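To start, the structure under review is shown below, and the notes come after it.
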Amino acid sequence: MSIRRLRVQGIRNLQDVDLELASVNVFFGANGSGKTSLLEAVYVLGSGKSFRAPRLDPVITHQSPECVVHAAITDSHGSSIPMGLARQRNGEFQGRIQGRTVQNAAELARCLPLQLINSDTFQLLEGGPKSRRQFLDWGVFHVEQGFHAVWLDVQRALRQRNALLRHARLAPDQLEAWDIHLSARAEELDAFRRGYFDAFYPQFTATLGELASLEDVDLSYQRGWDKETPLKDVLRESLSRDHERGFTVQGPHRADIRVRVKGQSAEQVLSRGQQKLVVCAMKVAQARVFSANRQRDCVFLVDDLPSELDRRHRSALAALLSSLGCQVLVSCVDRADLEAVWPSVPEDQRRMFHVEQGRFTHVSWH
Ligand SMILES: Nc1ncnc2c1ncn2[C@@H]1O[C@H](COP(=O)(O)OP(=O)(O)OP(=O)(O)O)[C@@H](O)[C@H]1O
Ligand SMILES: [Mg+2]
């Protein structure tokens with residue numbers, strides 16, 4: 001699963017980009033040259049969203065009416081799948097996969113599964129549970145076909161329950177009907193997440209061991225309500241508190257992956273570089289679980305790989321990414337930072353591009 005050809009128009013300072021990509025692709029250039037924008041363009045194609053802005057408007061080149069991203073994807077059987085997306089400034093959106101109109105972002109994600117590592121990835125440790133829950137759900141979504149429908153149903157049931165909770169007078173019959181429905185679906189969601197986490201955790205431990213000698217880093221899955229009590233009992237017991245607050249306090253919407261080091265929160269103990277290694281291990285472990293289950297690979301987008309890492313750990317991360325067999329698009333300011341650490345890859349499987357003012361020049365890898 002890889003992008004063979006990528007065309008981008010109207011994303012940030014990228015005007016008219018047309019690239020033939022290999023397995024390992026390095027983009028280097030000065031600040032503001034367009035490296036992150038290229039990774040962002042791929043991300044937009046694979047998710048319909050940016051990783052830098054909540055909406056796509058700031059992503060579209062100033063004065064441009066639209067942005068367009070096209071890719072020829074090679075699947076695991078070697079077939080080529082054309083995929084494209086256009087987003088107008090007025091909000092119109094068209095996505096196509098193999099000539100078929102895309103109905104939602106989930107289809108884009110299934111066609112082009114991406115793993116992004118950038119400065120926001122630290123949110124996995126520093127941020128609230130939301131980013132870890134999204135990370136977990138990305139994994140479950142791609143591995144368990146039935147997960148998405150259950151997830152959507154849980155969101156709907158929660159919205160309904162919360163709307164009823166906000167009424168001054170409770171309607172117990174209506175509420176009970178939603179509680180029964182929500183509880184049943186939440187237990188299914190929990191089973192999906194737990195099953196995924198059980199596969200993910202040993203991969204994470206092994207991957208972190210390949211990257212760094214960091215001991216006592218421990219992950220645990222929290223389902224969002226007491227692990228011994230069925231959700232329907234929790235909802236019944238917390239009804240008056242939920243009513244007071246106007247929302248459901250406990251449930252699958254509070255699930256989390258707790259990351260601890262020697263029993264303490266990881267972000268309070270680990271150095272910045274160590275944090276980067278842990279979050280990279282989480283991403284790579286997730287890609288490994290994905291490949292093992294789907295017999296397909298993700299594409300890795302790694303923005304500014306060298307930052308925060310010393311030479312030894314840059315090498316370890318580069319070696320790990322190379323060994324995965326996934327396509328990698330990686331950026332850095334100074335080419336020497338990556339050339340010096342990237343393990344040898346056959347010439348036809350690696351490409352280096354110099355980025356200048358939104359233009360890309362294919363240069364030789366020294
Ligand atoms: N909507 C837009 N239209 C045109 N240019 C934009 C738009 N949004 C941002 N830019 C510009 O695009 C350029 C590329 O930004 P980008 O973040 O891709 O640079 P970069 O190469 O990743 O730099 P750095 O090394 O600093 O991370 C910047 O000069 C930025 O100001
Ligand atoms: Mg950048």
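Counting starts at 1 for both ligands and their atoms, in listed order. Predicted, not measured: the structure shown is a model, and the values here were computed from it. These numbers come from the heavy atoms of this one structure, side chains and all, not from hydrogens, waters or symmetry mates.
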Heavy-atom closest pair, residues Cys111 and Met83: SG-SD, 3.7 Å
N, O or S of Ser331 under 2.8 Å from the Mg ion (ligand 2): no
Pairwise side-chain contact, Val140 with Trp151, heavy-atom cut-off 4.5 Å (strictly under): no
is_close_aromatic(Phe204, Phe197), centroid dist under 6.0 Å: no
Pair Phe360 + His354: ring centers closer than 6.0 Å: no
First-shell residues of ligand 1 [heavy atom, distance under 4.0 Å]: Arg12, Asn13, Ala30, Asn31, Gly32, Ser33, Gly34, Lys35, Thr36, Ser37, Arg52, Pro58, Ile60, Thr61, His62
Asp334 (side chain) donor-acceptor with Asp337 (main chain) under 3.5 angstrom: no
SB check Glu210 Arg288 (cutoff 4.0 Å): yes
